Each structure stands twice: as C-alpha cells, then as structure tokens.
Protein chains: 2
Amino acid sequence: MPMHHPPSRTLARVEDRPTWLISRNFQRSSGLLAAAFESAGDGLRSYHYRLLAALDEWGPASQADLGRGTGIDRSDVTAALSELESRRLVKRSVDPAHKRRNIVTITPAGVERLLELDAIVDDVQEQVLKPLTVAQRRQFIALMVKVLAAEDESLTSAAPNP
Amino acid sequence: MPMHHPPSRTLARVEDRPTWLISRNFQRSSGLLAAAFESAGDGLRSYHYRLLAALDEWGPASQADLGRGTGIDRSDVTAALSELESRRLVKRSVDPAHKRRNIVTITPAGVERLLELDAIVDDVQEQVLKPLTVAQRRQFIALMVKVLAAEDESLTSAAPNP
DNA sequence: GATTGAGTGTTGGCTCGACCAACATAGCCG
DNA sequence: CGGCTATGTTGGTCGAGCCAACACTCAATC
C-alpha cells in the first residue's frame, strides 16, 4: 500500500510544465491502480493484466508475439506468464510446427479473473476522472490520444552521429 | 539511450482508458526527458533537477524540508544531494542552531547548471506538445491540473479493514 | 547435406523513481 | 532527568522497463 507523498510546495518552474503534470498524473493513476490490484487478492500486476487481455482479445499466441503486441519485453513476458501459469490462468503448450515456440492460451479461470480485473480497472478510471465533466473527459482523452499520435514521428533533429 | 518499444498492436479494452493513456504519455515524456538529460553530459537525473530547482526557488533549506517540499524521500534526498555536492553544484553546511541539521545551498555553478537543465526541459515540453495547437495545449494543461486537484480528496470507499 | 543466420524462450542482470525500516544523534519539553 | 520528535544516513524492497547472453530450433543458402 504505497502512501501518497506529494510535494508540499509547488515549484514555479515546474508546476505548469506538461512533463511534470503528466508525471504527477501518472503517479496518481498508477498508485490508484496498484492499490486496486492489490485489493484484488492475487499478486497480479499490470503486466499480468495486459497479457491476459491480449490473450483474450487476440487468442492464443506465442510469447514473442505477445511481447511485441503488448510492448512487454520477452524476458518479462516469460516471468509474468510463469506467474499466470502457476495460478492456472494461462496454459503454455509447445507449438508442434515450431518446437521452440510456446503457444499460450488463456484458461476459463483466466477469463474469469480478467473480467474481475476489468471491473477493477474501470473503477479506477472513474476515480481518476472524477473531477472532470463528461465533456471534459472526452476532451482529456482526445488530447492525450493526439499527443501520442506523434509517438513514432520522432526523427526531429537530434542525431549528430547516425 | 533507452529504445522505444511501444506495443505494436492496440488492446481494445485498454487503448482508450485514461489510465493507459496517462501511462503511455508518461512513458513517452519521461523517455524524452531521460534522453535529454543524458545528452546533457553529467549523470544528473530528475531528482537532481528538482532539488536544484527547489534550492534556487526557495533558497537554502534543510534536507528534510527539501524532501517535504519536493515530495522526495529523505533517503533519496541524501543520495541525490551527495551526487550534487560531489559535482560542486550544492554545498552542505551544519546548521549552527541545530547541529543535526544540514543547511543546503546551491552554488553559482549549480545555478548555472540549473539554467542549462531548464533549457533542456523546456525543449522537451515542445517535443511533447508538438501535435497540439496553442489552444489545445492550454486545454491539456488545464485538464491535467484539474484532474490532479482531487489529489488529496481520496477517501472513497475501498478500505474493508481499517 | 552442412553451415549460416534468424527467431524463440529463459536466465540473470541493470536502471529509475518511489517507497520503507532502522539507527544514531540532537534538540525539546514534560 | 526521561521521553519524544526530528534529522540525516544506511541499506534495503518493489514495479516497470530495458539489455545481453545462452541454448535451441528452424529455414535458407552455399
């Protein structure tokens, strides 16, 4: 249960900077998320949720594909899947076509847990957005999406040595 | 130089959730920030910047006050200040009134470095906000501030065992 | 067919920011 | 004086994000 230790004063040169606001929003949001996940019993964390969601939405997949799809590193996928597997939320089986490859499947129990986590996560959305009106929420989301749109166009002019 | 490994696919149940968008925005923003700080030469990171800024804005202060003011844990303040001190950007001297207390002061070199970092950080703001118009930037900032306003009013209804 | 090269899963490690606990010391206040 | 709090320091933990190296499998190329 991570306690909340926000700064007690505001730094003028920092308080209105987007990077700072983003960082504080993230801290708050991820704190609420962590608390919610923790109260859900199992030691499942965000990696587990993302992996379960990916398996549910995309169907069985190899670990490498899961990693690429979710943006989680191969090694972290391995670790998280092991934890999921030990809770019987996921099953690993060898791909007959490529013996080196695992095919990961979500189990019925995994789907069940995923739905519980979905509800928890939805709850946190509400908490986070609480101060905003419905219209503002839409705006907020739209703006964040727009900011992220530049995510790949990042070849500006900062690479002296190619 | 941390490479950028975003998810290659989008998770339907996740892609529009504010917590997810906040998290991705944070990742992008902090990635740019880290890259910018790294290119600044010294191994200074965000803690150092916040502490230098605090000292510059609030004047000399004890480590405990710095910690409370910036929201950085006492122990992390100690460590970061030691690194700043070894670079002569900050000076520690014992408070004559309270021998246990250090009075930390930013040096001229510290102010100088702070200004450089300021420029770097400002640059990152631009990068982050690039996709937005001026009006949208204002909105974005205002919305983030508003969301954060609820930061302390967080006694909802999720504590079964007090 | 044997040799390369790429992809896969796993192990083990690292960094950063955010925490927390314990301790010795210093000051305060009863 | 004895307790109490505050301070700085040491030495951890954790989650998320990374990276490197290895063993192995497969496909393509020589």
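Letters A, B, ... mirror the listed sequences (proteins, then strands); counts begin at 1. Quick caveat: nothing in here was measured; it's all calculated off a predicted structure.
No engagement by B:A79 is indicated, since no non-hydrogen atom pair under 4.0 Å with the nucleic acid exists. Looking at heavy-atom distances under 4.0 Å, A:S30 makes no contact with the nucleic acid at all. Across all strands, A:R45 comes closer than 4.0 Å only to sugar-phosphate atoms, never to a base (heavy-atom distances). Within the nucleic acid shown, A:N102 comes within 4.0 Å of sugar-phosphate atoms alone, with no base atom in reach, counting heavy atoms only. Using a 4.0 Å heavy-atom distance criterion, A:R101 is classed as a sugar-phosphate-only contact. Counting any heavy atom pair closer than 4.0 Å across all strands shown, A:S46 reaches sugar-phosphate atoms only and no base atom.
Comparing A:S23 and A:S62 along DNA chain C, the residue whose closest nucleotide (by nearest heavy atom) sits nearer the 5' end is A:S62. The residue among B:D73 and A:A97 whose nearest nucleotide of DNA chain D lies closer to the 5′ end is B:D73.
In this structure, B:I103 places its CD1 atom 16 Å from P of C:dA26, rounding to the nearest Å. Remark: C1' of D:dA6 and CZ of B:R68 are 8 Å apart, rounded to the nearest angstrom. What separates CZ of A:R100 from C1' of D:dC24 is a distance of 4 Å, to the nearest Å. The distance from atom CD1 of A:I22 to atom P of C:dG17 is 16 Å, rounded to the nearest whole Å. The nearest whole Å value for the distance from the CZ atom in A:F26 to the C1' atom in D:dG15 is 9 Å. In this structure, B:R28 places its CZ atom 16 Å from P of D:dG17, rounding to the nearest Å. In this structure, B:W20 places its CH2 atom 11 Å from C1' of D:dA16, rounding to the nearest Å. Protein atom CD of B:E38 is 12 Å distant from nucleotide atom P of C:dG17, rounded to whole Å.
Ion pairing between B:D122 and A:R17 holds under the 4.0 Å rule for side-chain N and carboxylate O. Using a 4.0 Å cut-off between charged side-chain N and carboxylate O, B:E38 and B:R45 make no salt bridge.
Contact check, A:R24 against C:dA18: no side-chain N or O comes under 4.0 Å of OP1 or OP2. Look at A:Q63 and you'll find a side-chain N or O under 4.0 angstrom from OP1 or OP2 of C:dT10.
Looking at the side chain of A:R92, the nearest of the listed nucleotides C:dT10, C:dA26, C:dC19 is C:dT10. In this structure, of C:dC19, D:dT9, D:dC26, it is D:dC26 that holds the atom nearest to the side chain of A:H98. With distances taken from any side-chain atom of A:D76 to the nucleotides D:dG17, C:dA18, D:dT9, the minimum falls on D:dG17. Nearest nucleotide to the side chain of B:S75, out of D:dG8, C:dT10, C:dC19: C:dC19. Here the side chain of B:K99 is nearest to one of D:dG17, C:dT10, C:dG27, namely C:dG27. Picking from C:dG9, C:dC19, D:dC19 the nucleotide with the shortest atom distance to the side chain of A:Q27 gives C:dC19.
Aromatic ring pairs are classed by plane angle as parallel below 30°, tilted from 30° to 60° and perpendicular above 60°; the pair B:F140 and A:F140 is tilted.
At a cut-off of 3.5 angstrom, counting only N and O atoms as typed in the model, there is a donor on one side and an acceptor on the other between the side-chain of A:R74 and the base of C:dG9.
Remark: the B:Q63 side chain and the B:R92 side chain contain an N/O donor-acceptor pair separated by less than 3.5 Å.
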Audit row: A:D56, B:R13, salt bridge (Lys or Arg N to Asp or Glu O under 4.0 Å) steps and yes/no: CA-CA 10 Å; A:D56 182 59; B:R13 62 178 11 99; 3.2 Å; yes
Pair A:R137-A:E126, salt bridge (Lys or Arg N to Asp or Glu O under 4.0 Å): steps then yes or no: CA-CA 10 Å; A:R137 294 174 189 207; A:E126 249 305 299; 2.5 Å; yes
